[in-house]
Student: 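Dumping the structure here so I can ask a few things about it.
Counting starts at 1 for both ligands and their atoms, in listed order. Here the structure is a predicted model, which means the values were calculated and not measured.
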Amino acid sequence: MANKYSSVGVAVYLAILGCLTLAQAVTLEVKQGNSTCIKAELSALLTIPYDTVNGTNTAQVSLPNSTTVDVSASSCGADGRAPWLVGIFGAGHTLGLGFSTNGSLYSVVNLSLQYNLSDTSVFPLANSSDVVTLITSSVGILAQVNTTYRCLTATPVPVGEATVTFSGMKLEAYMPGDDLSPNESVCTADQSATTTSPPPATTAAPAPTPPGTPDRGDYAVTNGNNTVCLLARMALQLNVSYVSSSQNKTIQALFNLQPNQTSSSGSCGPTSAILVLMQEQTTNLSFTFTLNITSKRYHLSGLSLSAAWPDMATPVSASNSTLTDLPGTLGMSYMCSAEQVLEVTPAFSLNTFKLQVQPFGLSGDQFATAEECQVDQDNMLIPIIVGAALAGLVLIVLVAYLIGRKRSHAGYQTI
Ligand SMILES: *[C@@H]1O[C@H](CO)[C@@H](O)[C@H](O)[C@H]1NC(C)=O
Ligand SMILES: *[C@@H]1O[C@H](CO)[C@@H](O)[C@H](O)[C@H]1NC(C)=O
Ligand SMILES: *[C@@H]1O[C@H](CO)[C@@H](O)[C@H](O)[C@H]1NC(C)=O
Ligand SMILES: *[C@@H]1O[C@H](CO)[C@@H](O)[C@H](O)[C@H]1NC(C)=O
Ligand SMILES: *[C@@H]1O[C@H](CO)[C@@H](O)[C@H](O)[C@H]1NC(C)=O
Ligand SMILES: *[C@@H]1O[C@H](CO)[C@@H](O)[C@H](O)[C@H]1NC(C)=O
Ligand SMILES: *[C@@H]1O[C@H](CO)[C@@H](O)[C@H](O)[C@H]1NC(C)=O
Ligand SMILES: *[C@@H]1O[C@H](CO)[C@@H](O)[C@H](O)[C@H]1NC(C)=O
Ligand SMILES: *[C@@H]1O[C@H](CO)[C@@H](O)[C@H](O)[C@H]1NC(C)=O
Ligand SMILES: *[C@@H]1O[C@H](CO)[C@@H](O)[C@H](O)[C@H]1NC(C)=O
Ligand SMILES: *[C@@H]1O[C@H](CO)[C@@H](O)[C@H](O)[C@H]1NC(C)=O
Ligand SMILES: *[C@@H]1O[C@H](CO)[C@@H](O)[C@H](O)[C@H]1NC(C)=O
């Protein structure tokens, strides 16, 4: 057995790539002898719902740059097995891509995700210690032979109840040489991104926009059969601390998300829904909403940011999957017109304005009745109180006037 696999020499390069790719790009390479047959450069965010003693939690983990190729599971396909790239990280978690070709096209025929629930750093309070394997054969990665598949846009792929969101992806299988082919098969999401927005400025790349109030954008997620399953309307401002390469120190910057340069994608499951917003391949924001079936309530449970702005000395990634923000009721939308500050990590918070979201229970592509946040309700009370106070004042003045008039009238009569 060992002989069979020893011919598969495997090299792994870890790279944090330059400006136009996202944080934590991992490079994985499968080799046979001295020649490379599969090479992938990608970032991946894994969103995994799991059971705890008291309900469902959602874990969010980025493919770390300590990911290596699992030599015994990977293959170039020469030994009668299908070409297979398996990355392994942490406590035995793996992400696998299986390939096939018909001579002119190649594709990822299945995507597998294996995770170890006994890893409490990723799955706190899990009620099981099983190793779970999920697989899907609908991946949608297809390219011409002798070209590199390129998809920089964040692309969520549902795998069972979990979701793998790839971004900044370049990969090639059945490689003619050792490097990625210069010819590219560009995914449709990247094609529409370049046709609907102006060509990215190469000199003054999309650096943090000077703050002001951000513009409001409308974002939607559709599921497999093209029905809208998540709606969000909101204005977003990122508050990020990072090491500035121009100033050589840590600075705090506000960055308004520009709706007209932002694409949305995502996926919807029965108890978790994901919205991924990506602005020009340099800013990637992922929202995870979780539904508690028992209480019929949902909330924003996870938020993660990857940013690679020109002035950043190193790309920034920040995520938190134990949030309890934006609480709503199933069948209703959640609305908050007032500014809210969502604290994600000490280095990143998200300011929201004029927000309305509905991650579950949509019928049609309209928001259901809105449930207003407490701040809005309080803000609405102020004009009512002021109005009531004014009305009271007017009444008092009126009564005083009437009494006064009656008195003076009575006064005349006595004369
Ligand atoms: C791999 O390359 C080295 C030197 O570059 C060479 O000595 C060796 O024979 C090669 N092995 C194979 C299997 O081609
Ligand atoms: C689950 O229960 C534990 C204690 O039994 C508690 O610490 C934890 O906060 C609970 N988690 C949730 C999500 O309710
Ligand atoms: C874990 O909890 C879920 C529901 O919370 C339950 O359905 C499942 O049987 C539990 N699994 C174990 C191994 O206890
Ligand atoms: C779901 O809601 C029920 C009822 O409010 C609560 O007891 C339970 O802890 C919640 N589960 C989670 C995972 O929050
Ligand atoms: C799963 O994680 C536990 C604890 O981290 C570890 O002891 C175990 O070996 C892991 N299982 C696999 C299959 O890697
Ligand atoms: C490979 O598949 C594509 C699409 O299914 C088809 O258009 C093409 O003709 C096939 N090529 C060969 C060599 O069979
Ligand atoms: C791919 O490139 C190899 C080597 O350059 C060549 O032999 C092969 O015919 C090419 N295949 C296609 C479909 O272009
Ligand atoms: C994944 O696809 C490969 C290639 O078609 C196939 O050999 C393998 O059995 C598939 N794996 C599973 C688990 O379906
Ligand atoms: C679309 O799929 C969802 C489940 O995935 C189902 O509930 C819904 O009825 C389907 N809608 C249509 C129009 O087929
Ligand atoms: C940046 O600052 C550090 C200490 O604050 C200093 O050691 C380093 O030389 C500075 N680098 C540049 C390029 O100014
Ligand atoms: C995007 O919106 C901003 C502000 O509304 C505007 O200045 C800019 O020209 C717009 N860009 C495009 C490409 O529409
Ligand atoms: C995640 O958010 C929770 C609630 O806001 C906070 O208590 C926790 O410290 C945050 N975790 C990290 C890693 O910042």
Student: Between R150 and E184 (salt bridge meaning N to carboxylate O under 4.0 Å), is one present in this structure?
Tutor: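 Yes, charged N to carboxylate O under 4.0 Å.
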Student: Give the numbers and elements of all ligand 5 atoms closer than 4.0 Å to a heavy atom of N116.
Tutor: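 Taking each heavy atom of N116 in turn, ligand 5 has 1 (C), 2 (O), 3 (C), 8 (C), 10 (C), 11 (N), 12 (C), 14 (O) under 4.0 Å.
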Student: Of the protein's non-hydrogen atoms, which lies at the shortest distance from atom 5 (O) of ligand 5, and what is that distance?
Tutor: A91 CB, 3.7 Å
Student: What are the atoms of ligand 7, with element, lying closer than 4.0 Å to any heavy atom of G103?
Tutor: 13 (C)
Student: Of the side chain and backbone of N57, name the one, both, or neither that has a heavy atom under 4.0 Å from an atom of ligand 4.
Tutor: neither
Student: Give the numbers and elements of all ligand 4 atoms closer than 4.0 Å to a heavy atom of T56.
Tutor: 13 (C)
Student: Look at atom 3 (C) of ligand 5 and say which protein heavy atom is nearest, naming residue and atom and giving the distance to 0.1 Å.
Tutor: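 Checked against all protein heavy atoms, atom 3 (C) of ligand 5 sits closest to S118 OG, 3.4 Å.
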Student: Are the side chains of L238 and L305 in contact, using a 4.5 Å heavy-atom criterion?
Tutor: yes
Student: Which residue and non-hydrogen atom of the protein lie closest to atom 4 (C) of ligand 7, and at what distance in Å?
Tutor: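 Answer, as residue, atom name and distance: P176 CB, 3.9 Å.
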Student: Indicate, with yes or no, if the rings of Y298 and Y334 have centres closer together than 6.0 Å.
Tutor: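 No - the distance between ring centres of Y298 and Y334 does not fall below the 6.0 Å cut-off.
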Student: Is G177 close enough to touch ligand 7? Criterion: a residue heavy atom under 4.0 Å from a ligand atom.
Tutor: no
Student: Got D378 and D376 here, is their nearest side-chain heavy-atom distance under 4.5 Å?
Tutor: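 They are not in side-chain contact.
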Student: Does L171 reach the side chain of F166, with side-chain heavy atoms less than 4.5 Å apart?
Tutor: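 Not in contact.
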Student: Would you say that E339 contacts N351 through its side chain, given a criterion of any heavy-atom pair below 4.5 Å between the two side chains?
Tutor: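 Yes, close enough: below the 4.5 Å cut-off.
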Student: Any N or O of N54 that comes nearer than 3.5 Å to an N or O of ligand 4?
Tutor: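 It does: an N or O of N54 is found under 3.5 Å from an N or O of ligand 4.
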Student: Do D179 and K39 sit within salt-bridge range, that is, some charged N less than 4.0 Å from a carboxylate O?
Tutor: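 A salt bridge is present here (some side-chain N lies under 4.0 Å from a carboxylate O).
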Student: Which residue owns the protein heavy atom closest to atom 13 (C) of ligand 5, what's the atom, and how far is it?
Tutor: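 Checked against all protein heavy atoms, atom 13 (C) of ligand 5 sits closest to V131 CG2, 3.9 Å.
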Student: Of N146, N183, T101, which has the heavy atom at the shortest distance from atom 6 (C) of ligand 7?
Tutor: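 The option holding the nearest heavy atom is N146.
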Student: Could you tell me which atoms of ligand 5, counted from 1 in the order shown, lie closer than 4.0 angstrom to a heavy atom of G92?
Tutor: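 Matching atoms, with element in brackets: 14 (O).
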Student: Taking distance alone, with N or O pairs closer than 3.5 Å, would you say N292 contacts ligand 4?
Tutor: yes
Student: Flag the pair V145 / T147 as yes when at least one side-chain heavy-atom distance between them is below 4.5 Å, and no otherwise.
Tutor: no
